Each structure stands twice: as C-alpha cells, then as structure tokens.
Amino acid sequence: MKKIAICPGSFDPITNGHLDIIKRASTLFDKVIVLVVINPVKTAAFTPQERAEMISVATEGMPNVEVDTYNGLLVDYLRQVGATAIVKGLRAVSDFEYEFQMALTNKMLLPYAETVFLTTSAQNMYLSSSIVKQVAQFGGDISEFVPRRLHKRIKERLGPRQGLPAGE
C-alpha cells in the first residue's frame, strides 16, 4: 500500500520555504500531493489554478509529487485520494500553536489521519508568502525567496504597488 501525504497550503505564492518542505516530504512518502486550498479569509494575489501551475513548475523533476486544488475540508480530500498523512512546515513556535490545533481537529474528524510536522531549514525561518508579497509590493528583491523559474512571474504580479516608486 502506497503511503500518500497531502501538503496543504495557500501557496500565494509558493516560496523556497514551501519548496524545501515539499522536497523533504517527497523523500518520506511514496506520493505527495501539494494541495492548494482555498482560504475564504485570505485575499489571494493568484488564482488557485495559477498557484497550482506555479507549484507544478517548481516541482518539475519530482516524480512522486502531484499538485491539485480543493475547496472544502481537508479530511474529505484525504478520504477521496486515500491519503493517511498531512505534512505541515513549522517556522516558529507561533506556527506550532495554530498547526497543532488544526492537527487535533483533523484527527477528530478523521482518526487515521496523522499530521507530520517538518521544521523549516534555518535559511527559511523568516520566510512566508506574506513577506514575499510585502517586499515585492515595495520593489524589493525577492529573488532569494521564490523558485528561480517563477521569480519573474511572481515579481510582475506582486509589485511595486501602483503609484508608488520602488523603495517608497
């Protein structure tokens, strides 16, 4: 039986931190599905389809990684694809509190689902999609934050903000 893991997130946009977690998860499981989940609370810069396509580009060459989108309960998606694990990256203690709460909720809803926490690599501890968006909106260099093949596309979409000169 294949061990299938879901690596869920908004990935708006995908960062090198996300990519690091995905790569590491792909060595632990037979199949990893990177799942773009729609978060109704967040305003996204990219559509779910655009995010999925960017993740596909970034994970090209990882044969056991697939990409999908979903608008619903994560545990329902796990049931649909036969996954038994959820992989989440942790940057700091503040991430853990929220992710632990979600892990317990998912476990209550789907008892066989295990959440696996991978700690971020030291070079990505500060990195988030929100940071990437903010730096890009003010014309900052995001080239070290996002996959090289996607840098231009992400930069063009995110910034600098209309009417603001770069750096202001």
Side-chain angles (χ1 to χ4, degrees), residues 1-134 145-147 149-150 154:
M1 183 171 162
K2 275 190 164 185
K3 294 287 184 185
I4 302 171
I6 306 301
C7 190
S10 56
F11 304 103
D12 187 44
I14 187 169
T15 69
N16 288 333
H18 293 132
L19 194 54
D20 176 55
I21 296 296
I22 295 164
K23 283 179 186 175
R24 290 166 49 209
S26 75
T27 68
L28 300 172
F29 296 93
D30 298 316
K31 180 176 171 180
V32 174
I33 301 172
V34 182
L35 187 65
V36 176
V37 292
I38 290 84
N39 185 339
V41 176
K42 292 183 178 180
T43 303
F46 296 91
T47 69
Q49 294 73 27
E50 288 173 320
R51 289 179 266 161
E53 192 272 326
M54 286 191 291
I55 296 165
S56 292
V57 168
T59 59
E60 196 174 313
M62 293 183 213
N64 65 330
V65 175
E66 296 178 9
V67 182
D68 202 358
T69 61
Y70 190 69
N71 186 13
L73 282 177
L74 181 58
V75 293
D76 291 339
Y77 186 84
L78 267 76
R79 278 189 199 97
Q80 288 175 22
V81 299
T84 57
I86 301 163
V87 175
K88 298 295 291 186
L90 295 177
R91 292 171 299 200
V93 174
S94 57
D95 285 348
F96 180 76
E97 188 173 342
Y98 173 77
E99 295 298 349
F100 185 65
Q101 184 179 21
M102 293 304 301
L104 292 175
T105 301
N106 288 328
K107 190 77 168 163
M108 289 295 297
L109 295 171
L110 189 63
Y112 66 80
E114 295 294 341
T115 299
V116 177
F117 296 112
L118 297 179
T119 55
T120 189
S121 300
Q123 69 266 26
N124 297 317
M125 287 185 74
Y126 64 91
L127 192 54
S128 69
S129 293
S130 298
I131 293 287
V132 170
K133 287 188 257 194
Q134 188 173 17
F145 303 159
V146 299
R149 293 178 64 195
L150 299 170
I154 292 169

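Because the structure is predicted, anything quoted here is derived from the model rather than measured.
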On a heavy-atom basis, which atom in Asn16 and which in Val146 lie closest, and how many Å separate them? OD1-C, 3.1 Å
Do Met62 and Leu19 make a side-chain contact, defined as non-hydrogen atoms from C-beta onward lying under 4.5 Å apart? yes
Within 6.0 Å of CD in Gln134, more than 12 heavy atoms from elsewhere: no
Hey, can you pull the donor-acceptor pairs under 3.5 Å for the side chains in residues 112-119, sequence neighbours left out?
| residue | atom | partner | partner atom | Å |
| --- | --- | --- | --- | --- |
| Glu114 | OE2 | Lys107 | NZ | 2.7 |

Quick one: OG on Ser129 to CZ on Phe145, what's the gap to the nearest 0.5 Å? 12.0 Å
Between Thr69 and Pro48, which heavy-atom pair has the shortest distance, and what is it? CG2-O, 3.6 Å
Under a 3.5 Å distance rule, please check whether Thr47 uses its side chain to pair with a backbone N or O of Glu50 as donor and acceptor. yes
Take Met102 and Lys88 through the test side chain to side chain contact (heavy atoms under 4.5 Å, CB included) and record every step on the way to the result. CA-CA 10 Å; Met102 293 304 301; Lys88 298 295 291 186; over 6 Å; no
Could you tell me whether Tyr126 atom OH has more than 12 heavy atoms of other residues or ligands within 6.0 Å of it? yes
Going by side chain to side chain contact (heavy atoms under 4.5 Å, CB included), name the residues that satisfy it together with Glu53, two or more places apart in sequence or in a different chain. Val57, Arg153
Criterion side chain to side chain contact (heavy atoms under 4.5 Å, CB included) on Thr59 and Val32, from CA distance to verdict: CA-CA 11 Å; Thr59 59; Val32 174; over 6 Å; no
Side-chain donor or acceptor of Lys133 paired with backbone N/O of Asp12 under 3.5 Å: yes
Using modelled atom types only, decide if a donor and an acceptor are shared between the side chain of Arg91 and the backbone of Thr120 within a distance under 3.5 Å. no
Of Asp20, Val132, Ile21, which meets side chain to side chain contact (heavy atoms under 4.5 Å, CB included) against Thr15? Val132
Is there a donor-acceptor contact under 3.5 Å from the side chain of Arg51 to the main chain of Phe46? yes
Is Val81 close to Asp68 at the side-chain level, that is, under 4.5 Å between some pair of heavy atoms? no
What heavy-atom pair brings Asp30 and Lys2 nearest, and what distance separates the two atoms? OD2-CA, 3.3 Å
Checking Tyr98 now: which residues fulfil ring-ring contact (aromatic ring centres under 6.0 Å, His included) with it, not counting sequence neighbours? none
Between Val37 and Pro8, the two heavy atoms sitting closest are CG1-CB, 4.3 Å
Could you report the tightest heavy-atom contact between Ala25 and Val87, atom names first, then the distance? CB-CG1, 4.0 Å
How many angstroms lie between SG in Cys7 and CD1 in Ile33, if you round to the nearest 0.5 Å? 11.0 Å
After noting the C-alpha distance and the side-chain angles of Thr27 and Lys23, does the key distance pass the side chain to side chain contact (heavy atoms under 4.5 Å, CB included) rule? CA-CA 7 Å; Thr27 68; Lys23 283 179 186 175; over 6 Å; no
If you take all heavy atoms of Phe29 and Asn64, which pair is closest and at what distance? O-ND2, 3.1 Å
Hey, could you give me the CG/CD1 distance between Leu35 and Ile86, rounded to the nearest 0.5 Å? 10.0 Å
